[in-house]
Amino acid sequence: MDEVGAAAAATTTDLWGSNLQADRTQLVVDLGSSSLSLYLLSIREGLTYVLASSYSSNIGGDQIDDKLIKFFATDSPKKTKTPLTVCPSTDISDKRAEAKLRLAIEHTKRTISASPGAATCSVESLKDGVDYTGSINRMRFDMVVNVVYIATASAVSALLADAGVDAHSVDEIVYVGGTTCLPGLDECICLSGGFREEVETLSHVGRLWRRYR
């Protein structure tokens, strides 16, 4: 709830500079590493009211990481000729390789978030002293993690349905957390949820807020 409070406070100040009316309906999507929290807020006359909220421990950014790790672990043997088993991994060398991939894909996700082009995943001495470099383009990336996108979009639709609020009534979607900066997630939520094309979508990463649409 601290994140939604910070989101509401930040987006209702004069510094926010939004073109939206002061009175508006805001959806906050907080996708953490192991859970998804959603909040539907009504901002009226400077006060924020929680219309509905939901929490799921079955949806999280770690699932996106796992799918990307499996993707690169499948690609790696084709280039290195070294077999690799991850998510789960039992062999100690595979566990180390999985941990290295998990660190490397953070750069991959940041690149995909900032550019429509391809992103690389490079690891020195991935396994048995063999280096690995793979790449993934935006379309393939979205296909690999699409199941997580869909699950998040479905949770959003369920929240709106439970609250009895039409998606067209939502003026602003605020994303909290680094994982939610992935453009494919925003596209899936907006298209699947039936939001208006002109709905404002904004991303909050740590202490940095920025528009990316």
Side-chain angles (χ1 to χ4, degrees), residues 27-38 54 56-79 84 86-88 97-98 100-123 126 132-160 167 170 172-206 208-213:
L27 171 67
V28 178
V29 180
D30 182 0
L31 184 62
S33 59
S34 59
S35 64
L36 170 68
S37 297
L38 302 172
S54 68
S56 174
S57 59
N58 297 321
I59 307 171
D62 284 348
Q63 294 176 347
I64 290 178
D65 291 354
D66 288 348
K67 292 187 177 301
L68 291 173
I69 288 170
K70 288 180 180 179
F71 172 82
F72 288 115
T74 300
D75 178 63
S76 173
K78 299 175 184 177
K79 298 177 178 179
L84 181 60
V86 298
C87 299
E98 180 178 331
K100 291 179 180 179
L101 282 173
R102 196 171 294 277
L103 287 175
I105 61 172
E106 291 303 316
H107 171 76
T108 307
K109 291 189 295 182
R110 285 195 297 270
T111 303
I112 286 291
S113 298
S115 170
T120 60
C121 175
S122 298
V123 182
L126 177 61
Y132 165 73
T133 297
S135 65
I136 186 169
N137 61 33
R138 168 80 179 279
M139 181 179 293
R140 174 61 65 180
F141 184 102
D142 288 342
M143 288 176 60
V144 169
V145 303
N146 190 52
V147 64
V148 183
Y149 290 171
I150 292 175
T152 304
S154 296
V156 168
S157 296
L159 176 74
L160 295 175
V170 177
E172 184 178 48
I173 304 175
V174 176
Y175 295 104
V176 177
T179 298
T180 55
C181 281
L182 297 172
L185 177 63
D186 171 60
E187 292 173 4
C188 184
I189 289 176
C190 288
L191 291 174
S192 300
F195 294 95
R196 293 175 288 116
E197 287 187 5
E198 60 270 23
V199 66
E200 286 272 353
T201 61
L202 310 110
S203 178
H204 174 213
V205 187
L208 172 66
W209 289 83
R210 65 179 175 85
R211 285 182 177 82
Y212 61 79
R213 285 185 66 187

Which pairs pass salt bridge (Lys or Arg N to Asp or Glu O under 4.0 Å) with one or both residues in residues 109-120, sequence neighbours excluded?
Asp65-Lys109, Glu106-Lys109
Under the 3.5 angstrom rule, does the side chain of Gln63 hit a backbone N or O of Asn58 as a donor-acceptor pair?
yes
Salt bridge (Lys or Arg N to Asp or Glu O under 4.0 Å) contacts in which one or both residues fall within residues 145-157, not counting sequence neighbours:
none
Which atom names give the shortest non-hydrogen contact between Val170 and Val199, and what distance separates them?
O-CG2, 3.6 Å
What heavy-atom pair brings Cys87 and Lys70 nearest, and what distance separates the two atoms?
O-CE, 3.2 Å
Could you tell me if the side chain of Leu182 sits less than 4.5 Å from the side chain of Phe141, heavy atoms only?
yes
Would you please name every residue forming a side-chain hydrogen bond (donor to acceptor under 3.5 Å, both in side chains) with Arg140, sequence neighbours left out?
none
Trace of the side-chain contact (heavy atoms from CB on, under 4.5 Å) decision for Asp30 with Leu38
CA-CA 6 Å; Asp30 182 0; Leu38 302 172; over 6 Å; no
Between Thr111 and His107, is there a donor-acceptor pair closer than 3.5 Å when you use the side chain of the first and the backbone of the second?
yes
Looking at side-chain heavy atoms only, is the closest gap between Leu27 and Val156 below 4.5 Å?
yes
If the condition is side chain to side chain contact (heavy atoms under 4.5 Å, CB included), which residues does Ser135 pass it with, not counting sequence neighbours?
Thr120
Under 6.0 Å from the NZ atom of Lys67, do we count more than 12 heavy atoms belonging to anything else shown?
no
Pair Asp75-Tyr132, side-chain donor/acceptor within less than 3.5 Å
yes
Looking only at heavy atoms, which two atoms of Ser192 and Ala153 are closest? And how far apart?
CB-CB, 3.9 Å
side-chain contact (heavy atoms from CB on, under 4.5 Å) evaluation trace for Arg102 with Asp66:
CA-CA 8 Å; Arg102 196 171 294 277; Asp66 288 348; 2.9 Å; yes
Test log, rule side-chain contact (heavy atoms from CB on, under 4.5 Å), inputs Tyr175 and Ile189
CA-CA 11 Å; Tyr175 295 104; Ile189 289 176; 3.8 Å; yes
Student check: side-chain heavy atoms of Leu68 and Thr108 closer than 4.5 Å
no
Report yes if the side chains of Leu160 and Phe195 come closer than 4.5 Å at any heavy-atom pair, otherwise no.
yes
Could you measure the distance from the CG atom of Leu126 to the OG atom of Ser76? Nearest 0.5 Å is fine.
5.0 Å
How close do Ile112 and Asn137 get, heavy atom to heavy atom, and via which atoms?
CD1-C, 4.2 Å
Show me the donor-acceptor pairs within less than 3.5 Å that the side chains of residues 142-150 make with the rest of the protein, sequence neighbours left out.
from	atom 1	to	atom 2	distance (Å)
Asp142	OD1	Tyr149	OH	3.2
Asp142	OD2	Arg138	NE	3.2

Which residue in the set Pro183, Cys190, Cys188 passes side chain to side chain contact (heavy atoms under 4.5 Å, CB included) when paired with Asp186?
Cys190
Which is it for Val176 and Val28 under the side-chain contact (heavy atoms from CB on, under 4.5 Å) test, yes or no, and what are the steps along the way?
CA-CA 7 Å; Val176 177; Val28 178; 3.7 Å; yes
Of all heavy-atom pairs linking Gly193 and Ser157, the shortest is CA-OG, 4.0 Å
Hey, what do you get for CD1 (Ile64) to CD1 (Ile105), rounding to the nearest 0.5 Å?
9.5 Å
To the nearest 0.5 Å, what is the distance between OG1 on Thr179 and CG on Leu185?
8.5 Å
Ignoring hydrogens, what is the shortest heavy-atom contact between Cys121 and Ala104? Give both atom names and the distance.
SG-CB, 3.8 Å
Taking only residues two or more places apart in sequence or in another chain, which ones pass side chain to side chain contact (heavy atoms under 4.5 Å, CB included) with Leu191?
none
